[in-house]
Amino acid sequence: SDVCSSDLRNMPSTDINPMERRMREISVIQADITRRRRRKMALLMVRLLFFVGLPTIMGGYYFYNIATPMYATDSQFLIIQNEGSGGLGPLGGLLPTQFANSADSIATQSYLQSKDAMLRLDKDVGFVSHFSQPGIDPIQRMDPDASNEEAYKFYKKNVKIGYDPTEGMIRMEVIAADPKVAAVFSEHLLDYAEERVNGLSQQKREDGMRDARTAYEQTVKQRRDAQEALIKLQVENGVDPEAVIASRSEEHTSELQSLE
């Protein structure tokens, strides 16, 4: 027993210094944090590659090797009122041109952006057939059997029209796969706009004439009613209208003779 106890006293102590134990725990925690950071960084790089790098590479390849070049024709026009201030209300003459014609400009813009304008453009110059030709890449190509709603989506995407109320200017951008076709589309849309404005002006003139004719008829009726009321009053008071008229005619005749 003495020998065993002496051997135990001579063996190194298994107790660890608290400072060393704490340093070891800190080292383990730091290693775990570093490992987690590396794993998160690797996952972040994978996500960036998948959600940013891959779409960028695919987009670049599409635009440089597959996409069909598109050409835009920019146009701008101004609607000018040349009929005076008629039909514009009591303040029509005091309003600047861009404000006086804002209603016509907005109506023209709405028409050019409508489905009717798209159908007319397709009937005149083949809007659908141009965007459904095989030479256009699949993403920008329209289905030849597309419905009017699908064709109208292509129309709104490739025909952009804006109205600037400060200048009264309507700006239009027409996009097509051929610059000449884009120019043709733009020219036809400008013709549609001119016809629309002329139609609005004609309608205003017809409305003005109708209002003037109505006012004239009301004035004639009021004059006739006033004459009938006067004659009725004269008859009730025992005055002969024909004698009054004859006496007044004689007075006018005598005055003319005296002047001569």
Side-chain angles (χ1 to χ4, degrees), residues 52 55-82 88 95-204:
V52 178
T56 302
I57 294 173
M58 294 177 62
Y61 178 79
Y62 165 76
F63 283 109
Y64 282 99
N65 296 279
I66 300 176
T68 302
M70 290 292 174
Y71 303 89
T73 299
D74 294 327
S75 305
Q76 55 185 6
F77 56 94
L78 179 67
I79 298 177
I80 300 176
Q81 184 78 20
N82 59 356
L88 296 177
L95 293 176
T97 302
Q98 60 267 29
F99 295 105
N101 300 322
S102 60
D104 291 348
S105 300
I106 294 173
T108 303
Q109 176 191 5
S110 300
Y111 174 73
L112 294 179
Q113 291 178 327
S114 65
K115 189 185 296 183
D116 293 337
M118 184 272 296
L119 294 174
R120 186 177 178 183
L121 187 65
D122 179 52
K123 180 180 178 181
D124 293 342
V125 289
F127 176 82
V128 175
S129 61
H130 172 74
F131 282 96
S132 60
Q133 57 184 338
I136 300 179
D137 64 271
I139 295 180
Q140 301 183 92
R141 185 171 62 237
M142 187 191 309
D143 187 359
D145 299 327
S147 62
N148 290 336
E149 294 296 331
E150 295 175 349
Y152 184 52
K153 291 180 180 179
F154 269 82
Y155 179 81
K156 291 191 294 183
K157 180 181 178 182
N158 294 282
V159 178
K160 301 176 182 179
I161 302 172
Y163 170 63
D164 186 0
T166 60
E167 300 179 358
M169 191 76 67
I170 298 179
R171 293 180 172 85
M172 180 175 61
E173 181 185 45
V174 181
I175 301 173
D178 189 319
K180 296 181 179 179
V181 175
V184 171
F185 286 170
S186 181
E187 291 174 357
H188 278 74
L189 289 174
L190 290 175
D191 292 339
Y192 301 162
E194 184 178 0
E195 293 178 5
R196 184 68 174 180
V197 172
N198 293 336
L200 293 173
S201 300
Q202 180 66 26
Q203 184 177 359
K204 287 182 179 180

| pair F185-K180: side-chain heavy atoms closer than 4.5 Å | no

| request: Check whether any side-chain heavy atom of D124 sits under 4.5 Å from a side-chain heavy atom of R120, and report yes or no. | output: yes

| said: Is there a side-chain contact between Y71 and I175 in this structure, where contact means two heavy atoms from C-beta onward sitting under 4.5 Å apart? | reply: no

| Pairwise side-chain contact, M70 with Q140, heavy-atom cut-off 4.5 Å (strictly under) | yes

| request: I would like to know whether Y192 and Y111 meet ring pair (Phe, Tyr, Trp, His ring centres under 6.0 Å); could you show each step before the answer? | output: CA-CA 9 Å; Y192 301 162; Y111 174 73; 7.1 Å; no

| query | Would you say D122's side chain and F127's backbone share a donor-acceptor pair under 3.5 angstrom? | reply | yes

| remark: Sorted by chain and number, sequence neighbours left out, salt bridge (Lys or Arg N to Asp or Glu O under 4.0 Å) with R171 holds for D164, E167

| Shortest non-hydrogen contact from Q109 to I161? | NE2-O, 3.5 Å

Please output the side-chain donor-acceptor pairs of residues 151-160 that fall under 3.5 Å, not counting sequence neighbours, one pair per line with the distance.
from : atom 1 : to   : atom 2 : distance (Å)
Y152 : OH     : Q113 : O      : 2.5
Y155 : OH     : L112 : O      : 2.6
N158 : ND2    : F154 : O      : 2.7

| Test item: S132 side-chain N/O and V128 main-chain N/O as donor-acceptor pair under 3.5 Å | yes

| field | E195 and N198: CA distance, side-chain angles, deciding distance, side chain to side chain donor-acceptor pair (under 3.5 Å) verdict | value | CA-CA 5 Å; E195 293 178 5; N198 293 336; over 6 Å; no

| message | Is it the case that the side chain of Q133 and the backbone of H130 share a donor-acceptor pair, with hydrogens and angles ignored and the cut-off at 3.5 Å? | response | yes

